[in-house]
Amino acid sequence: MSKEQRVLRYVQQNASRGDPDSVLAAVDKFGWETEWAMNVGDVKGLILDRFVKETAPQTMLELGTYMGYSAIRVVRLLPETAKFLTVEFNPENAAIANEMIAFAGLQNRIIQITSDSADVIPQLKKKYDVDTFDMVFIDHWKDVYVRDIKLLETNNLLRKGTVVVADNIINPGAPEYADYVRTCGKYDSTFHESNFEYSDDIDGLEKSVYRG
Ligand SMILES: O=C(NCCCCCn1ccnc1)c1cc(-c2ccc(F)cc2)cc(O)c1O
Ligand SMILES: [Mg+2]
């Protein structure tokens with residue numbers, strides 16, 4: 001059994017079906033007490049919550065579903081009318097996320113796409129009926145953060161005020177991305193220091209508002 005399957009089993013045996021907060025609490029308890037996992041986690045998650053509440057996005061994209069933790073974390077704060085798309089490259093993790101999201105009762109609120117983000121981003125307008133995104137959360141391979149934010153720009157998926165949040169700016173690090181959003185002139189970017197998931201190590205989120 002994979003680590004991700006062990007996390008899902010723990011959630012199914014310890015959380016309440018249809019209760020997103022209990023699912024998040026179970027994943028976090030497992031991450032702190034049993035096995036570390038690369039969810040954004042409860043500490044950085046509180047900062048992400050604040051950004052979501054401040055932005056109140058009607059359309060949002062996530063790159064990097066993993067087990068669905070951040071998708072559940074975000075969508076639990078959004079109205080039923082909001083449109084949330086999440087992209088995962090790894091089919092095994094996508095399958096775990098599908099079950100985790102269903103257990104949380106949010107399967108009708110989250111559109112899961114299992115694909116390479118580079119292939120999906122150019123299809124979002126036509127195939128997924130997207131105009132522009134109000135918010136984006138980037139949490140996939142750190143070395144393609146820059147490739148993908150540039151793809152979002154060139155495919156006209158960002159608009160003046162779109163909030164782009166990126167995980168792991170310190171650990172494992174996304175230096176090329178941090179440099180790009182802070183110096184290219186297209187974003188008002190701020191770094192929010194926090195702790196690495198399920199650890200006392202340092203990490204942080206970058207929040208970058210597109211100038212349009
Ligand atoms: O690699 C990460 N995430 C992407 C996983 C695969 C994405 C697949 N995909 C989805 C869509 N397109 C592609 C990640 C890694 C770490 C980490 C840090 C230190 C360490 F020692 C080990 C691991 C911490 C995170 O918080 C992370 O997010
Ligand atoms: Mg991450």
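When a ligand or atom number is given, it counts from 1 through the structure's own listing order. All values below come from the heavy atoms of this structure, side chains included, with hydrogens, waters and symmetry mates left out.
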Residue Q58 excluded, over 12 heavy atoms near CD under 6.0 Å: yes

Residues, nucleotides or ligands: over 12 heavy atoms within 6.0 Å of E80 CD: no

Heavy-atom nearest neighbour in the protein, as seen from [atom], with distance rounded to 0.1 Å:
{"atom": "atom 16 (C) of ligand 1", "answer": "P172 CD, 3.8 Å"}
{"atom": "atom 9 (N) of ligand 1", "answer": "F89 CB, 3.6 Å"}
{"atom": "atom 15 (C) of ligand 1", "answer": "M38 SD, 3.8 Å"}

Sub-4.0 Å protein heavy atom next to atom 21 (F) of ligand 1: no

Reported CD1-to-CD distance for the pair I169 and E193, which is rounded to 0.5 angstrom: 12.5 Å

Closest approach of P91 to T114 (non-hydrogen atoms, all atoms of both residues): CA-CG2, 4.0 Å

Exercise: identify the closest heavy-atom pair between A37 and M67: CB-CE, 3.8 Å

Residue pair P57 / L78, side-chain heavy-atom distance below 4.5 Å: yes

Heavy-atom check, side chain of K207 versus side chain of D188, under 4.5 Å: no

Main-chain N/O of G45 paired with R73 side-chain donor or acceptor, under 3.5 Å: yes

Heteroatom test (N, O or S) for N168 near the Mg ion (ligand 2), limit 2.8 Å: yes

Metal proximity, E197 vs the Mg ion (ligand 2), N/O/S cut-off 2.8 Å: no

Any atoms of ligand 1 less than 4.0 Å from a non-hydrogen atom of [X]? List them with their elements.
{"X": "W36", "answer": "17 (C), 23 (C)"}
{"X": "E197", "answer": "24 (C), 25 (C), 26 (O)"}
{"X": "V87", "answer": "11 (C)"}
{"X": "N171", "answer": "18 (C), 19 (C)"}

Validation row, ring centre F196 to ring centre W36 under 6.0 Å: yes

H140-Y66 aromatic ring centre distance below 6.0 Å: no

Is there a polar contact, in the sense of an N or O pair closer than 3.5 Å, between [X] and ligand 1?
{"X": "K142", "answer": "yes"}
{"X": "D167", "answer": "yes"}
{"X": "W141", "answer": "no"}
{"X": "N168", "answer": "yes"}

For the Mg ion (ligand 2), the closest N/O/S atom belonging to D139: OD1

Minimum-distance atom from the Mg ion (ligand 2) among N, O or S atoms of D167: OD2

Proximity of D139 to ligand 1 by residue part, where a heavy atom lies under 4.0 Å: both

Part of F196 within contact of ligand 1 (heavy atoms, under 4.0 Å): side chain

K127/D119 ion pair, N-O < 4.0 Å: no

